[in-house]
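The next block holds one structure in the form of structure tokens; read it before the comments.
Order of the sequence lines sets the chain letters (A, B, ...), proteins ahead of strands, with each chain counted from 1. Here the structure is a predicted model, which is why all the values come from computation and not from measurement.
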Number of protein chains: 2
Amino acid sequence: MARWWVDAETLPHDNEELARRLGQVPLFQGLAADVLARIGSQAHPKAIGAGELFFNEGADAEAFFVLTSGRVKLTQLTPEGHQVVLRIIGEGDAFGGAGAFGDLTYPIGAEAVEPAVALVWTSDTMRQVLETEPRVALNAVQFVAGRLHDLQRRHRQLMTERVERRVARALLRLVREAGRRVDAGVEIDFPVSRQDIAEMTGTTLYTVSRLLSAWEDRGIVESGRQRITLTKPHALVALAEDLPER
Amino acid sequence: MARWWVDAETLPHDNEELARRLGQVPLFQGLAADVLARIGSQAHPKAIGAGELFFNEGADAEAFFVLTSGRVKLTQLTPEGHQVVLRIIGEGDAFGGAGAFGDLTYPIGAEAVEPAVALVWTSDTMRQVLETEPRVALNAVQFVAGRLHDLQRRHRQLMTERVERRVARALLRLVREAGRRVDAGVEIDFPVSRQDIAEMTGTTLYTVSRLLSAWEDRGIVESGRQRITLTKPHALVALAEDLPER
DNA sequence: AAATGTGATCTAGATCACATTT
DNA sequence: AAATGTGATCTAGATCACATTT
């Protein structure tokens, strides 16, 4: 997908283009151009830097977001302060819907892993859109149900699969959603640390480091500081799916 | 909550009462009586025995259900055939919505843990209701979002907490949703095996058995064949929340 | 027959402790 | 300074193997 807006300033200048882009967001699919323009006119852009937050878990759910550039990780914190990464989203993805759906506080946090820009609506505005545009409500059901089904599958995998397979799946998922072709193979297109992978898969950075070292020895991956390239993705698929490795 | 219908035969006789009951289902909250009556008239009841299925994971998502009596576990199977229990639902709970929300197959299975009766609509019917009754779509977003948030919390717990705590949480959850006061304390009101608890918490029946034995020694639970009574629920809360135990 | 209980043993992966790299 | 690599050690909980209970 092409970049939507390179920065916050370019956004308000072209409302027609904005409406066209919004129509490609799954949540707003199927809406008439004038409705999209009206929804778009109620948004304002917000840009944050890498490591900054759009919102914290537990904060008042005052706003709804659609990411227009960058990557954002959706996280939860344990009472002991350990972070868990639920998913990493990219441009065109909606997040922070809890307020519009009736919750008082965000059940998750949202942190930029690289500089990010999002369109922001107040939760009240988005609740009104949900209530006046039945198509948006239908899209929202499908969107949230999709998230639920995906998490159910990963929950099952966390319950039943070994760490190696879960880490293999996480890497494949990341390149599927954010892969960039490079000479050596497919690279994950934003900074990912061993710690990030550990927080996505329910293990420790030590174990991720050892797995990546072992895979590097076998020529399956190449990795550096916050950078991972899959040189033989099919070999990781074999690990993830328990296929014979040829 | 009082029993809705003791068996399939009693259902069709009183459409007004049916509409009143449907109005208490979260998904149908806020609908006018005539709309409820129309929705109710399109349902038919289905009764199955303990251990039988309303549907299998992966089957065509042809129908939508509201449980009116009994308990149903929502499950997933691993490729190796191991079962995982995502949740156990009771009367008034909706399930099998995937078809109405646009999926072709059920992402989970639904098995009765005791004799159960559900109202059944075709997925097409329910999709039409979703499309013509904006309030139902709004309710559905809230319902599915609630399921998602709950699973996100449990996913985090599965990633970060020890087995003992997860099992303590599972028991507390079961008595909260299906607890029955008895002389000795609070009993889980349907048959639960060690295996069921293991499939809910991502451990083995052996570990659950050992935990229950240890807790029985400490006077926290009493348990028998497919039966668990919490005699000191507060002690389990202390285990689940890491409180000092007094 | 299916569910449960429990001792003995094993092991995947966590934890600890440093060293090295970017 | 933050991220990574890796040897040494530890341990929670799985696995195995029976015995017992309902």
Rounded to whole Å, please give me the gap between [atom1] in [X] and [atom2] in [N].
X      : N      : atom1 : atom2 : result
A:E161 : D:dA14 : CD    : P     : 16 Å
A:L212 : C:dT21 : CG    : C1'   : 16 Å
A:E80  : C:dT15 : CD    : C1'   : 16 Å
B:R194 : D:dT21 : CZ    : P     : 15 Å
B:L211 : C:dT6  : CG    : C1'   : 13 Å
B:Y206 : D:dC16 : OH    : P     : 8 Å
B:D217 : C:dT4  : CG    : C1'   : 15 Å
B:E164 : D:dG13 : CD    : P     : 8 Å

Given the structure, check if the side chain of B:R210 and the base of D:dT15 hold any donor-acceptor pair shorter than 3.5 Å.
yes
With a 3.5 Å cut-off and heavy atoms only, can you find an N or O donor on one side and an acceptor on the other between the side chain of A:R227 and the base of C:dT21?
no
Taking all non-hydrogen atoms of both residues into account, name the closest pair between A:A50 and A:E114 and its distance.
CB-CA, 3.7 Å
Pair B:F95 + B:F64: ring centers closer than 6.0 Å:
no
Examine A:F65 together with A:F55 and report whether their ring centres are nearer than 6.0 Å.
yes
With respect to the side chain of [X], which nucleotide from [options] is positioned closest?
X      : options              : answer
B:R162 : D:dT6, C:dT4, D:dG13 : D:dG13
B:R225 : C:dT15, C:dT4, C:dA2 : C:dA2
B:Q226 : C:dT4, D:dG5, C:dA14 : C:dT4

Considering just the side-chain nitrogens and oxygens of [X], establish if one lies under 4.0 Å of OP1 or OP2 belonging to [N].
X      : N      : answer
A:T203 : C:dA14 : yes
A:T204 : C:dA14 : yes
A:T207 : C:dA14 : yes
A:S209 : D:dT4  : no

G-U wobble or Watson-Crick pairing nucleotide for C:dT22 (cut-off 3.5 Å, both distances)
D:dA1
Across all strands shown, which nucleotide pairs with D:dA17 by Watson-Crick or G-U wobble geometry, both distances under 3.5 Å?
C:dT6
For A:R166 and B:L205, take the nucleotide of DNA chain C holding the closest heavy atom to each; which residue's nucleotide lies nearer the 5' end?
B:L205
Is B:T160 reaching over with its side chain to a backbone N or O of B:R156, donor-acceptor style, under 3.5 angstrom?
yes
Would you say the side chains of B:T68 and B:R21 form a donor-acceptor pair under 3.5 Å?
no
